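The next block holds one structure in the form of structure tokens; read it before the comments.
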Amino acid sequence: VQLQASGGGLVQAGGSLRLSCVVSGGNFSRLIMGWFRQAPQTEREFVAAINWSSRNLYYSDSAKGRFTISRDNAKNTVYLQMTSLEPEDATRYFCAAAPYIPSYEILRLDSSYRYWGQGTLVTVSS
């Protein structure tokens with residue numbers, strides 16, 4: 001399974017970006033998909049996740065109300081719509097995929113995801 005993230009770039013504070021992640025080589029419609037972010041010298045931070053049917057959405061406290069995760073199973077793509085971006089959101093964002101995660105409690109752990117993309121960089125100017 002390969003993941004290719006895109007959509008990062010430079011945006012002013014208060015602006016919006018939409019990240020995309022295309023998945024190939026697997027049964028995308030059965031994967032749990034997540035977005036994480038990681039700044040240099042820090043641990044990966046959970047941002048959002050979505051189950052295969054889009055019925056269950058999960059967000060970090062910092063993402064809730066500003067970011068929206070969605071997926072298009074026909075296009076093998078998961079999205080992260082980010083609005084009201086703040087300088088603190090500037091970092092590299094990674095998409096991740098998991099065939100199965102047994103509980104909500106560990107869905108936010110990066111170790112629960114088997115496949116990872118290369119990341120896309122988001123820069124927010126103040």
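Note that the structure is predicted; figures quoted are calculated from it, not measured.
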Which residues end up grouped with Val22 if you chain together Ile, Leu, Val, Met, Phe, Trp and Tyr wherever their side-chain heavy atoms are less than 4.5 Å apart?
none
Please determine whether the number of non-hydrogen atoms from other residues, nucleotides or ligands lying under 6.0 Å from atom CZ of Arg114 exceeds 12.
no
Would a distance-only check, ignoring hydrogens and angles, find a side-chain to backbone donor-acceptor pair under 3.5 Å from Thr77 to Lys75?
yes
Trp52: which other cluster members, linking ILVMFWY side chains closer than 4.5 Å, directly or transitively?
none
With rounding to the nearest 0.5 Å, note down the distance linking CZ in Phe46 to OG in Ser60.
6.5 Å
Enter the distance from Ile50:CD1 to Ile32:CD1 here, rounded to the nearest 0.5 Å.
11.0 Å
Mind checking what makes side-chain contact (heavy atoms from CB on, under 4.5 Å) contact with Ala97, not counting sequence neighbours?
Leu3, Leu31, Met33, Tyr115
Which value, rounded to the nearest 0.5 Å, describes the distance between Leu19 atom CG and Thr120 atom OG1?
6.0 Å
d(Arg30 CZ, Asn51 CG) to nearest 0.5 Å is 10.0 Å
One pair to check against side chain to side chain contact (heavy atoms under 4.5 Å, CB included): Met82 and Val122. What are the steps and the verdict?
CA-CA 10 Å; Met82 304 187 294; Val122 172; 3.8 Å; yes
Ile69 to Trp35 - nearest heavy-atom pair and separation:
CD1-CD1, 3.6 Å
Are Leu107 and Leu109 in one and the same hydrophobic cluster, where Ile, Leu, Val, Met, Phe, Trp and Tyr link if side-chain heavy atoms are under 4.5 Å apart?
yes
In one Ile/Leu/Val/Met/Phe/Trp/Tyr side-chain cluster, 4.5 Å: Trp116, Val23:
no
Geometric cation-pi criterion Arg71 and Phe28, 6.0 Å radius, 45° cone:
yes
Quick check on the hydrophobic clustering: are Leu121 and Phe36 connected, directly or via other members, by side-chain heavy-atom contacts under 4.5 Å?
no
Test of understanding: with ring-ring contact (aromatic ring centres under 6.0 Å, His included), list the residues that count as partners of Phe67, not counting sequence neighbours.
none
Heavy-atom pair of closest approach, residues Ala5 and Gln118
O-NE2, 3.0 Å
For residues 13-29, which residue pairs qualify under side chain to side chain donor-acceptor pair (under 3.5 Å), counting only residues two or more places apart or in two chains?
Asn27-Ser29
Under a single-linkage definition using a 4.5 Å side-chain heavy-atom cutoff for Ile, Leu, Val, Met, Phe, Trp and Tyr, are Leu80 and Tyr113 assigned to the same hydrophobic cluster?
no
For residues Leu17 and Tyr59: do they belong to one hydrophobic cluster (side chain heavy atoms under 4.5 Å, members Ile, Leu, Val, Met, Phe, Trp, Tyr)?
yes
Not counting sequence neighbours, list each pair that qualifies as a side chain to side chain donor-acceptor pair (under 3.5 Å) and has a residue in residues 79-102.
Arg37-Asp89, Arg37-Tyr93, Arg66-Asp89
Starting at OG of Ser126, measure out to CG of Leu85 and round the result to the nearest 0.5 Å.
13.0 Å
